[in-house]
Amino acid sequence: MLFPILVFLVVYFFIATELIDKTIAALIGAGLMVGLHLVGYEEALRAIDMNVLFLLIGMMVVVNTLTDTGVFEWLAIKLARAAKGNGLLIVVFFMILTAVLSAFLDNVTTVILMAPITILLCQLLEMPAAPILIMEAIFSNIGGTATLVGDPPNILIGSQTHLSFNDFLINLTPPVLVAMVLLLALMALLFRKNTRTTEQTRKRIEQSRPEKAILQPVVLKKSLLVFALILAGFFGGRVLEIEPGIIALAGAMLMVLVCKKDIHHSLMHVEWNTILFFSGLFMMIGALEHAHVFEAMGEFILHICGGNLMATALTILWFSAIASAIVDNIPLVMAMIPLVKGIIPVFAQQMGLDDQALIQAQVAEPLLWSLALGACFGGNGTLVGASANVVIAQVANRNNCKITFGSFTKYGFPFMLISLVVASAYIYLRYFLK
């Protein structure tokens, strides 16, 4: 167990300090894990979540096709005119829109769609883009927490525990809404100076003509039709048990075909360094799972909580949050679900419960909702905590507005702590206050 932890910590140091490009560090780390026989090569490959990678590749191709039409410029100008050039109002609106979209699409898809619009809008309003993009990633993780389909950890929890879409919506929406209100107020306070716009900028926006931004109207109509089919696939795929990754990838290829785009040109615009970074990270986490690191951590949680259900729920909440800030929350949740499912019968027996409905309501749900809230909110802690963070950083860096590990953590970690305090209060008040 010691060697995989040591390799991971060394790689994480280089990712956090950015002494080495994070993609290079992650792939070298994955190579060391396999080369030192800390995990088998086949097992390391199985640890790579292809659904996440296919979703990223597909949506990057879709966004690139839409970008060529000028639709993002059109939307940016429309929004700027609607807000009369008020920078803070636009930023608040964008955060709410990001959170809502993340709840019903997923947070990775949402940031891929929103980032180009945000960058263009910041250029138009002469505002710094990097802090606003960081906020966008944070609010995508917050909003995605509310539903079964909003954040990959929730999809994993739902698929392995048979909790429904409504279960997630009813139990997770209240803390999400409270956290959003508090974080929006804090963001408005922090950004009130950075989002000020000049009189000259506001006049330029009023005189702008959004329709001039559309460069390829025919391609736009075709691509929006295919995009509508992709969105329908995301919703219908949950019922038909088709993963969103394959829907995104197939939909992207259909868009390339219908819009008569060059496939080589489309694939060139995929952030392959992001794809490779996730591959390396998943392989390293696979090595930690192989060494039973997460199981040992789970047993430690049980030991220190001494059989107290509320203490266990809150410990799972904070442990999964802090751990998700260090490693990506997807493999963490994959490792934690079996642990939580194993704890449930122990507490049921201890409490003398044999009715499945009571076990579900009094034992399973407090533990599972704690895991979901911790993993999703904890993803905001650092740049590598959630897929959406890494994706938006890569998009920002490609557009010359650099987001570093430190700059993300400066905003993300305090926002994570505030949301966790809200989640802790919610878990206590809803499930344990007699």
Step by step, work out the side chain to side chain contact (heavy atoms under 4.5 Å, CB included) result for M187 and F139. CA-CA 11 Å; M187 185 198 68; F139 276 88; 4.2 Å; yes
To the nearest 0.5 Å, what is the distance between CD1 on I343 and CE on M336? 7.0 Å
Determine, stepwise, if the pair L314 / I427 fulfils side chain to side chain contact (heavy atoms under 4.5 Å, CB included). CA-CA 8 Å; L314 292 177; I427 292 294; 4.2 Å; yes
State whether a side-chain donor-acceptor pair under 3.5 Å links S370 with W318. no
Could you tell me whether a side-chain N or O of S223 sits under 3.5 Å from a main-chain N or O of L220, the two making a donor and an acceptor? yes
Would you find a donor on one side and an acceptor on the other, under 3.5 Å apart, between the side chain of N397 and the backbone of I403? yes
Do the two ring centres, one from Y411 and one from F191, sit under 6.0 Å apart? yes
Within the structure provided, determine whether V333 and S320 are in side-chain contact (heavy-atom separation under 4.5 Å). no
Give a yes or no answer on whether the side chain of H269 reaches the backbone of H265 with a donor-acceptor pair at less than 3.5 Å. yes
Short side-chain to backbone donor-acceptor contact, R192 and L189, under 3.5 Å: yes
Where do W272 and T23 land on the side chain to side chain contact (heavy atoms under 4.5 Å, CB included) test, with the steps shown first? CA-CA 10 Å; W272 291 109; T23 302; over 6 Å; no
Measure the shortest side-chain to side-chain distance between I132 and F94 over non-hydrogen atoms and say whether it is less than 4.5 angstrom. no
Rounded at 0.5 Å granularity, tell me how far CG in L177 sits from CG in L172. 11.0 Å
Which pair of non-hydrogen atoms, one from G381 and one from A325, has the smallest distance, and what is that distance? CA-CB, 3.9 Å
P4 side chain reached by V39 side chain, heavy atoms, under 4.5 Å: no
Could you go through the side chain to side chain donor-acceptor pair (under 3.5 Å) check for D68 and Q216 one step at a time? CA-CA 8 Å; D68 289 343; Q216 302 173 5; 5.6 Å; no
Backbone N/O of N107 and side chain of D151: donor-acceptor pair under 3.5 Å: no
Flag for E136-T118: side-chain donor and acceptor within less than 3.5 Å: yes
Give the minimum heavy-atom separation between C259 and K222, together with the two atoms involved. SG-CB, 4.0 Å
So does T65 get a backbone contact from the side chain of T69, meaning a donor-acceptor N/O pair under 3.5 Å? no
Less than 3.5 Å apart, any donor N or O on the side chain of Y431 or N171 sitting next to an acceptor on the other? yes
Under 6.0 Å between ring centres, would you say that holds for W369 and F168? yes
Side-chain donor or acceptor of N86 paired with backbone N/O of L88 under 3.5 Å: yes
Could you pull out the closest heavy-atom pair between A47 and G286, with the gap in Å? CB-CA, 3.8 Å
Heavy-atom side-chain contact between F277 and L281 under 4.5 Å: yes
Side chain to side chain contact (heavy atoms under 4.5 Å, CB included) between I326 and F8, worked out: CA-CA 10 Å; I326 298 170; F8 181 81; 4.0 Å; yes
Could you tell me the separation between the CD1 atom of I285 and the NE2 atom of H290, rounded to the nearest 0.5 Å? 14.5 Å
Side chains of N389 and N380: do they bring a donor and an acceptor to under 3.5 Å? no
Do side-chain atoms of N399 reach the backbone of V395 as a donor and acceptor pair under 3.5 angstrom? yes
Gap between atom CD1 of I57 and atom OG of S266 - 0.5 Å precision: 13.0 Å
Which value, rounded to the nearest 0.5 Å, describes the distance between L124 atom CG and I119 atom CD1? 13.5 Å
Minimum side-chain heavy-atom gap I134-S407 below 4.5 Å: yes
